[in-house]
Structures are given as structure tokens and as C-alpha cells.
Amino acid sequence: MVWHKRLELWAKLALALVASALLWRPGRRRKPGTPLPSPRRVLLVRIDNRVGEALLTTPLLSTLKAAPQPPEVHVLVHSKVARVLAGHPEADRIIPFDRRLLWLGALAPGIRALRREHYDVVVDCSNWSTPSVTSALISRLVGPRALVIGPHQWPVRYLHSLSVPTRGDTTREVLQRVHLLSPLVTGAPREAMSFRPPNVSDSFRSWLDAGSGSPRAVVNPGGRLGWRRIPPEAFAAAARALIASGRTPIVTWGPGEEELARSVVDSAPGSQLAPATNIDELAALMRSAGLTVCNNTGPMHLSVAVSAPTLGLFLRMDMARWGHPLPPHRMVDLTPVVDSGGDLPARVFEVVRDFAAGVPVRTSAS
């Protein structure tokens, strides 16, 4: 870590200690195991700006709504990903976080409006492995009288009413995140991600229906961070393996990725370039195609959320934490192949061929 990042980290940790002292109130802390009343209104706080992070919060919605006395559930999210959770059937309200004048603390417009909601419980759904000072501070400020639950991380745990230790039996992100609700709910948590019924335009619906008579698969070669993306020639090999399995690969792309997608299509004759899609259209395509091959990115989580069998290709990321290993999905770490100079396209062709063989070939309409 470079010196200025280290300095910024220590400044934030010091801020958390100072804020926890200033915001301390007698009787606010709860001991683990203390019986808690069923909450009437719950606010989930996750202000990360990534699509996948928003989708990884949906199991908490399902878990809360499955309780014997389901509460009203609001979700505070980054303004850039409010569109991801908007209209989710198990969220009563999605709130884009207003960051204006945040330095004013409780007097900031976004904080002041939320304090008037009088939440019974606020859940700080931040990182369980490293402290997230901003998320903990916001959680405490928006719930001055609420029971604030969050990860047991120093020093942000002093801002919580009740801190939840990490599970020692797993590093899976979805399980660690839903574990934050363990003080509130009994029984097994819901770990499946979910997405609203996609709302697509008439023109996209017509395009989708036009290809529904032949088997398809989605190939998404893009990703937010280039250093963890599998190269396009490997995705071209994936497309060729799908063609060999009797499917037409539909190569999808996001902002700034059209040329990348075209390079895959050009190297895999028989594949097709998808039209530009928003998140609902991409979800509808993944759901109808029934098989997705992609990097470890937001589209991977989206594909899993719509229950499409998903092959996630990982490079230099913790697959055990961020992957979805349960059938019908499969995660593959290609880092050893890349680092050893192995034949990556050949390995990807083999992996995709084997995965596709286990997924029934079907038309989009079936």
C-alpha cells in the first residue's frame, strides 16, 4: 500500500474512534445473544457503486421477508446502482444515497431525511473482512435510536449497537453478508440472489422473440477491471465450444466494450453480437438463453440472480469468496494457467465444452 493510501486509512480509523466516542449513548450496546424484538422497519445500508455488490444484498431481503413477522425493508444504496434493485419485489423502498454536504454529519440533507424515518434496526452491510468507516458512520447517523448491526471489525464495531463476528466455516461473500442478520432471524438464511422481473422495450422483446427458435448462450467478455478479465481470444474459444455444443453464442457488451465484443465475434464464426442492452434487457437475455459464460463481474452475479446456469471464469480474484459454486453454476480459476504460460484458449474451450454438456440444450422459448 502506497504511503498516502496508508495515511488515508489511518485517518479514517481515527475518525471512527472519535465518532464512536462522540456518538456514544448509555444503554446502546447490546450483548451477543440478547433477545431482540421483531423489528417493524429495517434499513439495509450498502453504498458500494458496483452492480454485483447490490445483487449480493438481495439474499438479505429474502431472509427478512421470510421471517414469521416480516418487517418493512428499505435499502440505502449508491445512486449509481439504485437501478439494479429498483422494483425488487422484496424491497419496500430503494433509497439512492444523497452524499451532499456529508461532512455536516447528522445535519447533511441525506442523513437528516433518513433520521426522520425512525428505523427500528439499521444493518451496516459493509465489508466483513476489513473495516468500512463511511458505511458504519452513515449507519449510526441515520439510526440515532435504532439498533445498528454490523460486522465485528475494529474500530467500526464501536459505532454499532451489536457487532456480528464472521463465520469461521466459510469465506463465501453471500453467506457472510446474510449472516449479519443472525441476531434478528432464526433458521437457515436465504442465500439465493434474485432480480426483479425484467422490464424490456418492445424492440428488444421483438429481437429476443425472433431468435427464440434456436438454442442460444450468452458470452460476456467484458468487465470493470481489465487486470482480472480473461483475454478475448479465450472468450472466442468459449464461443467456439458453445457452437460445437449446438448453441449460438450471443456476445454481450457494456459501455466501452463493443470493440472487445466484436473481436470475439470475428474470431468465432457463427456467433452473434448482441444489441446494446440495459440491465433489464441483459437479464431477460440471460434468463431466456439459459447458459452464460463470463468473467467474475457484475453480469456473473446477474446471471446467477436470474437462475441461468453460469460458468464464471476467475483471474487473480478470490473465487471461494466471490464465486457461486452450487449447481447449476460452476466457477473456474484460470490464474494457474495464465501464470504458467499454458494454453489458455484450449483450457477455456475444454471447460466450456464440459459445462455445456451438462446443461440441456433448449430454445429460448422452451
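Nothing fancy with the numbering, it's 1 onward along the sequence. Both backbone and side-chain heavy atoms feed into the values below; hydrogens, waters and symmetry mates do not.
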[X] side chain to [Y] backbone, donor-acceptor under 3.5 Å:
X: S303; Y: M300; value: no
X: S212; Y: L208; value: no
X: S135; Y: S132; value: no
X: S267; Y: V264; value: no
X: N49; Y: H78; value: no
X: R29; Y: H160; value: yes

Would you please name every residue forming a ring-ring contact (aromatic ring centres under 6.0 Å, His included) with [X], sequence neighbours left out?
X: H329; result: none
X: F204; result: W207
X: H324; result: H301
X: Y119; result: H74

Worksheet entry | Apart from F349 itself, residues in the same hydrophobic cluster as defined by side-chain heavy atoms under 4.5 Å |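 Traced through the cluster, F349 reaches no other member.
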
Discussion item. Can you list, by chain and residue number, the hydrophobic cluster partners of L101 when the side-chain cut-off is 4.5 Å?
Written reply: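 Traced through the cluster, L101 reaches W103, L104, L107.
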
Fill in: All side-chain contact (heavy atoms from CB on, under 4.5 Å) counterparts of D333, not counting sequence neighbours
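So D333 forms a side-chain contact (heavy atoms from CB on, under 4.5 Å) with F314, M319, T335, P336.
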
Item to complete: Apply the side-chain contact (heavy atoms from CB on, under 4.5 Å) test between F97 and each candidate in V45, I111, V142, V77; give the one that qualifies.
Response: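 When side-chain contact (heavy atoms from CB on, under 4.5 Å) is applied between F97 and each of V45, I111, V142, V77, only I111 qualifies.
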
Would you call [X] and [Y] a salt bridge, using N to O less than 4.0 angstrom?
X: R157; Y: D124; answer: no
X: R83; Y: D280; answer: no
X: R316; Y: D339; answer: yes

Does [X] have any salt bridge (charged side-chain N to carboxylate O under 4.0 Å, His left out) partners at least two apart in sequence or in another chain, and if so, which?
X: R145; value: none
X: R240; value: none
X: R112; value: none
X: K80; value: none

Worksheet item: Any luck finding a side-chain donor-acceptor pair between W128 and E173 under 3.5 Å?
Response: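 E173 and W128 do have a side-chain donor-acceptor pair below 3.5 Å.
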
Worksheet item: Is a side-chain donor-acceptor pair under 3.5 Å present for Q272 with T248?
Response: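 On atom types as modelled, these side chains do not qualify, holding no pair under 3.5 Å.
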
Worksheet item: Between atom OG1 of T58 and atom CZ of R196, what is the distance when rounded to the nearest 0.5 Å?
Response: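 One finds 12.0 Å between OG1 of T58 and CZ of R196.
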
Under 3.5 Å donor-acceptor pairs involving side-chain atoms of residues 181-193, not counting sequence neighbours:
residue: S182; atom: OG; partner: H179; partner atom: O; Å: 2.8
residue: E191; atom: OE1; partner: R172; partner atom: NH1; Å: 3.0

Discussion item. If you count every heavy atom of other residues, nucleotides or ligands that lies below 6.0 Å from R100 atom CZ, does the total exceed 12?
Written reply: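 No, CZ of R100 has 12 or fewer neighbouring heavy atoms, counting only those of other groups under 6.0 Å.
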
Worksheet item: Within a strict 4.5 Å, meaning less than it, do heavy atoms of the D48 and V81 side chains meet?
Response: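 D48 does not reach V81 side chain to side chain.
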
